[in-house]
There are 2 protein chains.
Amino acid sequence: MSAGHTEVTSGPVVSCSGEHEDCGIRDVLDRIGDKWSVLVVVELAQGVRRFRQLQRAVPGISQRMLTLTVRRLERDGLLTRTVHPTVPPQVEYALTPMGHSLTHLVKSLADWSLEHRDPIARARQEWDDANPGSGIH
Amino acid sequence: MSAGHTEVTSGPVVSCSGEHEDCGIRDVLDRIGDKWSVLVVVELAQGVRRFRQLQRAVPGISQRMLTLTVRRLERDGLLTRTVHPTVPPQVEYALTPMGHSLTHLVKSLADWSLEHRDPIARARQEWDDANPGSGIH
DNA sequence: CTGCATCCCTCTGGATACTG
DNA sequence: CAGTATCCAGAGGGATGCAG
C-alpha cells in the first residue's frame, strides 16, 4: 500500500465472498434500477398518495408505466394498494415497512450521487474530450 | 407513532425536498442499474484485474458488454484503464478512490437485498398466487 | 379517476466473426 | 490477450384509445 488507495478496506464487498454470482442483488438492482421505481418510492416516502397524485408528482411518467411500476412494487411487498369502492374510484398507495427501509438505501444513493455528481461530470467531460466520436455514453 | 410505521422519519428522503426531479440520481441509477456495472465494480473491489480476469470473474458477460461496461465506468472516473505495451497486450483495470467509495454503497445494497430477499420472495409468491396470469414481473 | 389494451419505436444486450 | 464490428432478438417504455 504505497500510493493511491488500499485494495480491500474491510473484507469482501459482498457477502458471497470468493464468488459473487447474483446473491440476490440482481433482484433489488432490477427493481431500483428501472426508470421509475425509485422516484415512486421517494414520493411515497412523504406519505400516502393516490394514483393521480403520484403521476403528477413524477412528472415524466405515463399512466402505463406508473401502473406497471406500482404493480411491481406491490408484488414485491414494498407498497400496499388500497381500493376504496367509491365513485369515482379512489386508490391509495402507501409504503410498507419494508418499502420504508428501502428509502434509507435510496437516500444513501442520492447522497452519494449528489456528492459525486460534479467529479463524475468533470470526468465525463475530460473523457469525451480525449475520446472524440467514441460513441460511449 | 402509534401503529405501523412513521410517515417521514427524518425529513425528506432526497435533498431536493418538495420536488424531486432527478437531482442527479438518474445518472448514478443508470450506471448501477445496468446489467453488469455493479458486478464489475464488485470484482474490482478485490483488486486490480485484467480484461480476461474480469470476464471470467463475471460469468455471464460477453466481451462486448464487458468492453462497454468498463468504458463507461472509465468515462465516469470510477476506474482506470492502464495499457501495458507488451505482446501480447496487457490491460489492467483498477478502481479509482471514487469507484471504491461506490463499493460501500453497493455493499449496503447487497446487505439490504440479502436481508429482504426472503420477505420479497414470499410477497411475490403470494401476489402471483392471488393474481394469476397478470403478466407482471 | 383508475386502469387495461394496442401499436410502435428505441435501446440493451447476446452471438458471432474479425483484427492488432 | 484485448479488443472492434455487425447482425439481430427481445425488453423497455411512450402515445393513444377505450372501459369500469
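The analysis underlying the following values was restricted to heavy atoms, covering all of them including side chains, and did not include hydrogens, waters or symmetry mates. Convention: sequence-line order gives letters A, B, ...; per-chain numbering from 1. In this text, all values refer to a predicted model and were calculated from it rather than measured experimentally.
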_Residue mapping more 5' on DNA chain D - nearest nucleotide basis, A:G60 or B:R81_ = B:R81
*Between CG on residue A:L79 and CD on residue A:E92, distance to nearest 0.5 Å*: 12.5 Å
*Grab the CD-C1' distance between B:Q53 and D:dC1 for me, whole Å please.*
12 Å
*Can you check the A:H137 NE2 to C:dT10 P distance for me, whole Å?*
14 Å
*Check A:I32, A:T69, A:L73 against A:V41 for a side chain to side chain contact (heavy atoms under 4.5 Å, CB included) and give me the one that passes.*
A:L73
_Length of the CZ-P vector between B:R52 and D:dC1, whole Å_ = 5 Å
*asked:* How many whole angstroms separate atom CD of B:Q55 from atom P of D:dA2?
replied: 10 Å
*Would you indicate which nucleotide in C:dG3, D:dC1, C:dG13 comes nearest to any side-chain atom of B:D34?*
C:dG13
*asked:* Checking the side chain of B:N131 only, and the main-chain atoms of B:S134 only, is there a donor and an acceptor separated by less than 3.5 Å?
replied: no
*Out of C:dT2, C:dC4, D:dA2, which nucleotide sits closest to the side chain of A:T67?*
C:dC4
*Under 4.0 Å between any heavy atoms, over every strand shown, what does B:R50 touch: base, sugar-phosphate, or nothing? Just pick one.*
sugar-phosphate
*asked:* By nearest atom, which of the nucleotides C:dG14, D:dG14, C:dT2 is closest to the B:S62 side chain?
replied: C:dG14
*asked:* Side chain of A:R71, heavy atoms from C-beta onward: which of C:dC1, C:dG14, C:dC4 has the nearest atom to it?
replied: C:dC4
*Residue closer to the 5' end of DNA chain C, A:V83 versus A:R64 (nearest nucleotide)*: A:V83
*Taking atom P of C:dT12 as reference, at what distance in whole Å does atom CZ of B:R31 sit?*
10 Å
_Just the rounded figure in Å: distance from P of D:dG12 to CG of B:D30._
15 Å
*Do any side-chain nitrogens or oxygens of A:Y93 fall under 4.0 Å of OP1 or OP2 in C:dG3?*
yes
*Within a reach of under 6.0 Å around NE2 of B:H84, are more than 12 heavy atoms found that belong to other residues, nucleotides or ligands?*
yes
*asked:* Any side-chain N or O of B:K35 below 4.0 angstrom from OP1/OP2 of C:dG14?
replied: yes
*salt_bridge(B:D111, B:K107) N-O dist < 4.0 Å*: yes
*Could you state the atom-to-atom distance from CD of A:Q63 to P of C:dC4 in whole Å?*
11 Å
*Rounded to the nearest Å, what distance is computed from the CG atom of residue A:L66 to the C1' atom of nucleotide D:dG14?*
14 Å
